[in-house]
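Before any comments, here is the structure.
Below, each value reflects all heavy atoms present in this structure, side chains not excepted, and no hydrogens, waters or symmetry copies.
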Amino acid sequence: MADEINETDLHAFLDGELDERQTEHVLTWLDTHPEARDRLRAYAEHKLLVAATAGTGAWPAARPEPPVSKPSGPLRHLTRAAAALALFAAGWAASEVARTNHPTMVPTYARDAVESHELFAEDRERPVEVPGSRRDEIVRWLSVKLGEPVEIPELRQVGLTLVGARLQTADGPIGQLVYEDGEGHRLTLSLAPDETEAPPDLSVSEMDGYVVGYWRGRRFAYALVAKSTPLQMAEIAVALGAPRY
């Protein structure tokens, strides 16, 4: 890819046709080209409007994607249109999005979230204690166990459906919401009631073959876990309201 990014490159970025190195190159270039960021936001808004108008609940299909650029993990259905819009709306700098922290810096609750994801979320027989079809019950159950009102994020707009929830109690209660994409890849969002253990802004680390994003919310410390990329995890964490770096 040339140093100067053109409109074809921007559309390829939105459609998810770039590999990780090319994506980071575009993001870095956008840091110093605010007029291009504005155009990209407009393109993203148009794509999202088309999806909403279609009323299908899914994002517009991307152009055929070369195998080398196919993203891995459960977030492959999150289009660049939605990601770009969320990132730019949150005011993220591209260089900050791709930054990751060393695993030794990961707080205990986030480490536990990775371990719990590996043990339970990947279990095809019994990944949850309460199925996603009983959302109201999940809300009541976790709210009582965690001592704070729990809200269940709706992630269908990024291709993820709620499998259900479970409770982890090894080092104190932690609620875990399990999501799945159309191909069976799993993503979990863990909620720990002691929000002071989490960093105030989103941090991303790689552990044991997983990527974990963790941050401090108003009521909980959050940890997002999946077999994905740091950039993809940053994208969906922003969509969930994670503060920028």
Side-chain angles (χ1 to χ4, degrees), residues 57-58 70-78 103 106-195 197-198 202 204-215 217 219-230 232-237 239-242:
K70 186 175 183 179
S72 61
L75 305 185
R76 68 182 65 194
H77 296 294
L78 176 63
V106 179
T108 301
Y109 87 93
R111 290 176 176 272
D112 289 344
V114 173
E115 181 178 348
S116 181
H117 178 105
E118 187 172 15
L119 287 175
F120 300 111
E122 304 293 351
D123 187 338
R124 294 293 140 183
E125 298 298 324
R126 193 177 179 183
V128 297
E129 295 173 90
V130 183
S133 58
R134 290 150 53 185
R135 293 176 70 96
D136 291 345
E137 180 179 339
I138 292 174
V139 169
R140 291 193 299 269
W141 176 53
L142 290 184
S143 295
V144 170
K145 295 296 185 181
L146 301 181
E148 293 281 357
V150 170
E151 297 179 359
I152 300 177
E154 178 57 71
L155 299 180
R156 288 183 183 274
Q157 71 272 25
V158 293
L160 295 167
T161 57
L162 181 68
V163 176
R166 64 181 310 109
L167 188 69
Q168 172 189 329
T169 58
D171 296 306
I174 296 178
Q176 187 180 59
L177 300 173
V178 182
Y179 294 86
E180 184 178 77
D181 72 4
E183 298 180 14
H185 301 96
R186 298 275 172 82
L187 173 144
T188 56
L189 176 65
S190 291
L191 302 81
D194 184 7
E195 72 277 7
E197 189 181 358
L202 174 64
V204 180
S205 298
E206 298 182 66
M207 293 181 54
D208 303 327
Y210 295 92
V211 175
V212 54
Y214 46 97
W215 69 94
R219 296 191 181 101
F220 299 103
Y222 293 97
L224 193 67
V225 182
K227 286 185 176 179
S228 185
T229 68
Q232 288 176 319
M233 294 299 277
E235 291 166 349
I236 199 164
L240 288 169

Can you measure from [atom1] ([X]) to [atom2] ([Y]) and round to the nearest 0.5 angstrom?
X    : Y    : atom1 : atom2 : answer
S190 : E115 : OG    : CD    : 11.5 Å
L142 : L167 : CG    : CG    : 6.5 Å
L160 : L177 : CG    : CG    : 12.0 Å
L146 : R219 : CG    : CZ    : 11.5 Å
L191 : K145 : CG    : NZ    : 15.5 Å
M233 : Y214 : CE    : OH    : 11.5 Å

Please report the shortest heavy-atom distance between [X] and [Y], naming the atom on each side.
X    : Y    : answer
A223 : Y109 : CB-CE1, 3.8 Å
V211 : E206 : CG2-CG, 4.0 Å
M207 : V212 : SD-CG1, 4.3 Å

[X]: side-chain contact (heavy atoms from CB on, under 4.5 Å) partners, not counting sequence neighbours:
X    : answer
S143 : V139, V150
Q168 : D112, S116, I174
V130 : R134, E137, I138, W141

Q.
Has E148 got a side-chain atom pairing as donor or acceptor with P193's backbone, closer than 3.5 angstrom?
A. no
Q) Heavy atoms, side chains only, cut-off 4.5 Å: are K227 and H185 in contact? A)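 The answer is no; the side chains never approach within 4.5 Å.
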**Q.** E154 vs R135 side-chain heavy atoms within contact, under 4.5 Å
**A.** yes
Q. Would one find more than 12 heavy atoms of other residues, nucleotides or ligands at under 6.0 Å from atom CD of E151?
A.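 Open: at most 12 neighbouring heavy atoms sit under 6.0 Å from CD of E151.
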Q | Y222: partners by ring pair (Phe, Tyr, Trp, His ring centres under 6.0 Å), with sequence neighbours left out | A |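 Residues passing ring pair (Phe, Tyr, Trp, His ring centres under 6.0 Å) with Y222: W215.
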**Q.** Contacts of D208 that satisfy side-chain hydrogen bond (donor to acceptor under 3.5 Å, both in side chains) - sequence neighbours left out
**A.** none
For residues 119-128, which side-chain N or O atoms pair as donor and acceptor with protein atoms under 3.5 Å away, sequence neighbours left out?
from : atom 1 : to   : atom 2 : distance (Å)
E122 : OE2    : H117 : NE2    : 3.0
D123 : OD1    : E125 : N      : 2.8
D123 : OD1    : R126 : N      : 3.3
R124 : NH1    : E180 : OE2    : 3.2
R124 : NH1    : G184 : O      : 3.0
R124 : NH2    : G184 : O      : 2.8

